[in-house]
Amino acid sequence: MKYTRKDAKAHAFATMRGIWAAALMPFRDDLSMDEEGFRANMNHWIDDLGIDGFFIAGKQGEFFSMSLDERKRCFDLAVEAAGGRAQTIMSCSDQNMDVVIDLARHAQACGADYIVVHAPILHFFKAQDETLIRYYETIASKVDIGIALWSHPDSGYLMSPELCNRLADIENVVAIKYSVPRDMYKRLSALAGDRILVSTASEEEWLDNILELNWQLYLCSSPPYLIQTAADKRMRAYTDLAFAGKADEARAISASLEPVRHALKSTRPAEKPHSHQKYWQDLLGQTGGRVRPPLLELTEEEKARTRAAFDACGLKLA
């Protein structure tokens with residue numbers, strides 16, 4: 001690793017910054033991983049779009065459809081493809097803690113920069129906070145790598161800002177992807193912003209979070225490579241302007257992306273986010289590929305509607 005356990009927080013605050021994207025994993029028609037397509041996507045995302053880091057094998061990456069060996073292979077591929085040009089954070093989330101720890105150790109060994117572990121589904125509601133503290137303390141004790149927490153509604157509950165503030169005291173907990181309402185992540189920023197990097201996946205809120213909350217990290221979802229092209233890097237542009245304190249210029253550029261955001265969101269079937277995003281990747285010239293069952297593919301009618309909105313949204317392709 002590039003840092004020791006005791007230096008994990010300092011290292012994260014110094015280097016874990018900018019735009020990080022959650023990588024989709026392309027699958028071939030036979031549903032095997034398209035390793036060449038994934039490498040090509042990573043090269044484009046780094047060299048052409050200037051994305052700073054990548055969230056690997058998470059919900060966007062369909063980790064739930066992969067074997068343990070495939071998840072480890074994703075980690076290896078991402079580290080190789082990044083090649084020191086961008087950072088990586090590996091999703092080690094699983095209901096089985098032994099699997100989480102196995103994946104965490106592999107991530108540390110293969111050269112990942114960080115790992116992320118989402119709050120598990122709990123089948124009881126007694127002493128929930130103490131259970132989660134023991135959960136994260138146990139995982140953190142088994143590795144030295146920096147850990148990002150992740151709380152989102154899919155767990156069936158949201159971790160409170162007060163609980164996350166307690167978890168921020170764990171030596172190698174360095175960040176949180178906090179997929180919660182804004183008042184909750186603002187509260188956590190006030191409580192624990194000196195000990196962990198707080199972030200959320202909303203691109204629409206990212207600019208305000210830089211300017212109003214002094215955030216340094218977008219962690220993360222797919223917009224960094226879905227609403228940008230080599231010829232049209234407006235998210236990168238408004239981010240850099242905001243970091244430079246040029247708020248008015250940043251707001252003008254961010255506002256200009258509204259037609260792109262609307263086209264992407266308004267055509268996405270609620271039950272088909274993965275296949276829709278992969279089709280949008282195909283339209284951009286990236287490798288989208290198939291989704292694995294039980295996820296659903298787009299119908300031809302849904303593709304036509306998406307293509308029409310894509311063509312009209314004003315995203316520059318060349």
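Along the sequence shown, the residues carry numbers beginning at 1.
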Nearest-0.5 Å distance that lies between atom CG in Leu77 and atom CZ in Arg73 = 4.0 Å
Is there side-chain contact between Val180 and Leu188, with heavy atoms separated by less than 4.5 Å?
-> no
On the ring face of Phe243, is Arg17 found with NZ or CZ under 6.0 Å from the centre and within 45° of the axis?
-> yes
Shared hydrophobic cluster for Phe27 and Val291 (ILVMFWY, side-chain gaps under 4.5 Å) | no
In this structure, are over 12 heavy atoms from other groups packed under 6.0 Å from Arg268 atom CZ?
-> yes
Heavy atoms of other groups near Lys142 NZ, more than 12 under 6.0 Å = no
Backbone N or O of Glu300 within a donor-acceptor pair of the Arg305 side chain at under 3.5 Å?
-> no
Is the backbone of Ala82 close enough, under 3.5 Å, to the side chain of Gln87 for a donor and an acceptor to pair up by distance?
-> no
Minimal heavy-atom distance between Arg71 and Cys92, with the atoms involved, is NH2-C, 3.7 Å
Give the intermediate values and the outcome of salt bridge (Lys or Arg N to Asp or Glu O under 4.0 Å) for residues Glu35 and Arg39.
-> CA-CA 6 Å; Glu35 296 189 5; Arg39 289 191 187 94; 3.7 Å; yes
His118 and Asp154: side-chain donor and acceptor closer than 3.5 Å?
-> no
Using atom types as modelled and distance alone, determine if a side-chain donor or acceptor of Tyr136 lies under 3.5 Å from a backbone N or O of Val117.
-> yes
Taking every non-hydrogen atom, the tightest pair across Gly111 and Val79 | C-CG2, 3.9 Å
Determine whether Trp20 and Tyr218 make a side-chain contact, defined as any pair of heavy atoms from C-beta on separated by less than 4.5 Å.
-> no
Report yes or no: does Gln95 contribute a side-chain atom to a donor-acceptor pair with the main-chain N or O of Ile121 at less than 3.5 Å?
-> yes
Does Asp47 come within less than 4.0 Å of Arg85, counting only side-chain N to carboxylate O?
-> yes
Once you round to the nearest 0.5 Å, how far does NZ of Lys265 lie from CD of Glu203?
-> 8.0 Å
Exercise: do Asn209 and Tyr185 side chains pair donor with acceptor under 3.5 Å | yes
Between Thr306 and Trp280, does a side-chain hydrogen bond (donor to acceptor under 3.5 Å, both in side chains) hold up when you go through it step by step?
-> CA-CA 8 Å; Thr306 300; Trp280 193 277; over 6 Å; no
Give a yes or no on whether Asn96 atom CG has more than 12 heavy-atom contacts from other residues, nucleotides or ligands under 6.0 Å away.
-> yes
According to a 4.5 Å side-chain heavy-atom criterion applied to Ile, Leu, Val, Met, Phe, Trp and Tyr, with indirect links allowed, do Ile147 and Phe63 form part of one hydrophobic cluster?
-> no
Taking the side chain as every heavy atom from C-beta outward, state whether His11 and Tyr114 have any pair of such atoms under 4.5 Å apart.
-> yes
Validation row: Tyr178, His152 side chains within 4.5 angstrom (heavy atoms) | no
Compare every heavy atom of Met159 with every heavy atom of Met184, then report the nearest pair and how far apart it is.
-> CE-O, 3.7 Å
When you check the gap from the basic side-chain N to the acidic O, do Lys72 and Asp102 get nearer than 4.0 Å?
-> yes
For the hydrophobic clusters of this structure (ILVMFWY residues joined by side-chain heavy atoms under 4.5 Å, transitively), does one cluster hold both Leu68 and Met25?
-> yes
Taking Thr229 for its side chain and Ala231 for its backbone only, find out whether a donor-acceptor pair lies under 3.5 Å.
-> yes
Would you call Asp34 and Arg290 a salt bridge, taking side-chain N to carboxylate O under 4.0 Å as the test?
-> no
Around Asn214, counting heavy atoms of other residues, nucleotides and ligands shown, do more than 12 lie under 6.0 Å from its CG?
-> no
Do other residues, nucleotides or ligands put more than 12 heavy atoms under 6.0 Å from Glu36 CD?
-> no
Are Phe38 and Met33 side-chain neighbours, meaning at least one heavy-atom pair lies under 4.5 Å?
-> no
For Asp30 and Ser32, test the side chains for any donor-to-acceptor distance below 3.5 angstrom and give the result as yes or no.
-> yes
Does some side-chain heavy atom of Tyr135 sit less than 4.5 Å from a side-chain heavy atom of Val100?
-> yes
Report yes or no: does Asp48 contribute a side-chain atom to a donor-acceptor pair with the main-chain N or O of Ala230 at less than 3.5 Å?
-> no
Full working for salt bridge (Lys or Arg N to Asp or Glu O under 4.0 Å) between Arg5 and Glu171 | CA-CA 7 Å; Arg5 178 188 179 87; Glu171 186 175 35; 2.9 Å; yes
What is the distance from atom CG of Leu167 to atom CD1 of Ile196, rounded to the nearest 0.5 Å?
-> 8.0 Å
Hphob cluster co-occupancy, Leu31 + Phe64, side-chain heavy atoms under 4.5 angstrom | no
Under the 3.5 angstrom rule, does the side chain of Glu297 hit a backbone N or O of Ser275 as a donor-acceptor pair?
-> no
Evaluate whether atom CD of Glu301 has more than 12 neighbouring non-hydrogen atoms of other residues, nucleotides or ligands under 6.0 angstrom away.
-> no
Lys/Arg N to Asp/Glu carboxylate O, Arg236 vs Asp52, below 4.0 Å = yes
Of Arg182, Lys186, Arg251, the one forming a salt bridge (Lys or Arg N to Asp or Glu O under 4.0 Å) with Asp208 is Arg251
Cationic tip of Lys177 within the cone over Phe55's six-membered ring, i.e. under 6.0 Å and within 45° of the normal?
-> yes
Any Lys/Arg nitrogen of Glu204 or Arg261 sitting under 4.0 Å from an Asp/Glu carboxylate oxygen of the other?
-> no
side-chain hydrogen bond (donor to acceptor under 3.5 Å, both in side chains) evaluation trace for Ser222 with Gln277 | CA-CA 8 Å; Ser222 53; Gln277 290 177 110; 2.2 Å; yes
Classify the side-chain pair Ser254/Arg234 by whether it contains a donor and acceptor separated by less than 3.5 Å.
-> no
Without swapping roles, check the side chain of Tyr3 against the backbone of Gly146 for a donor-acceptor pair under 3.5 Å.
-> yes
Between Asn172 and Ile145 the two heavy atoms that sit nearest each other are ND2-O, 3.2 Å
If you measure only the distance, is there a donor-acceptor pair under 3.5 Å linking the side chains of Asp7 and Thr4?
-> yes
Less than 4.0 Å between a side-chain N and a carboxylate O, is that true for Arg307 and Asp311?
-> yes
Verify the cluster assignment for Val99 and Ile115: are they in a single hydrophobic cluster under the rule of side-chain heavy atoms below 4.5 Å apart?
-> yes
Do any N or O atoms from the side chain of Thr88 and from the backbone of Phe54 form a donor-acceptor pair under 3.5 angstrom?
-> no
If you take all heavy atoms of Leu163 and Leu132, which pair is closest and at what distance?
-> CD2-CD1, 3.7 Å
Taking all non-hydrogen atoms of both residues, which atom of Cys313 and which atom of Val260 are closest, and how far apart?
-> O-CG2, 3.7 Å
Between Thr267 and Glu302, is any pair of side-chain heavy atoms under 4.5 Å apart?
-> no
Mind checking the CG-OG1 spacing from Leu207 to Thr239? Nearest 0.5 Å is all I need.
-> 7.5 Å
Under 4.5 Å between any side-chain heavy atoms of Asp113 and Met1, yes or no?
-> no
When the aromatic ring centroids of Tyr225 and Trp45 are compared, is their separation below 6.0 Å?
-> yes
Glu70/Arg292 salt bridge by N-O under 4.0 Å criterion = yes
Examine the side chains of Trp150 and Ser179 and answer whether a donor and an acceptor come within less than 3.5 Å of each other.
-> yes
Under the 3.5 angstrom rule, does the side chain of Lys9 hit a backbone N or O of Ile170 as a donor-acceptor pair?
-> yes
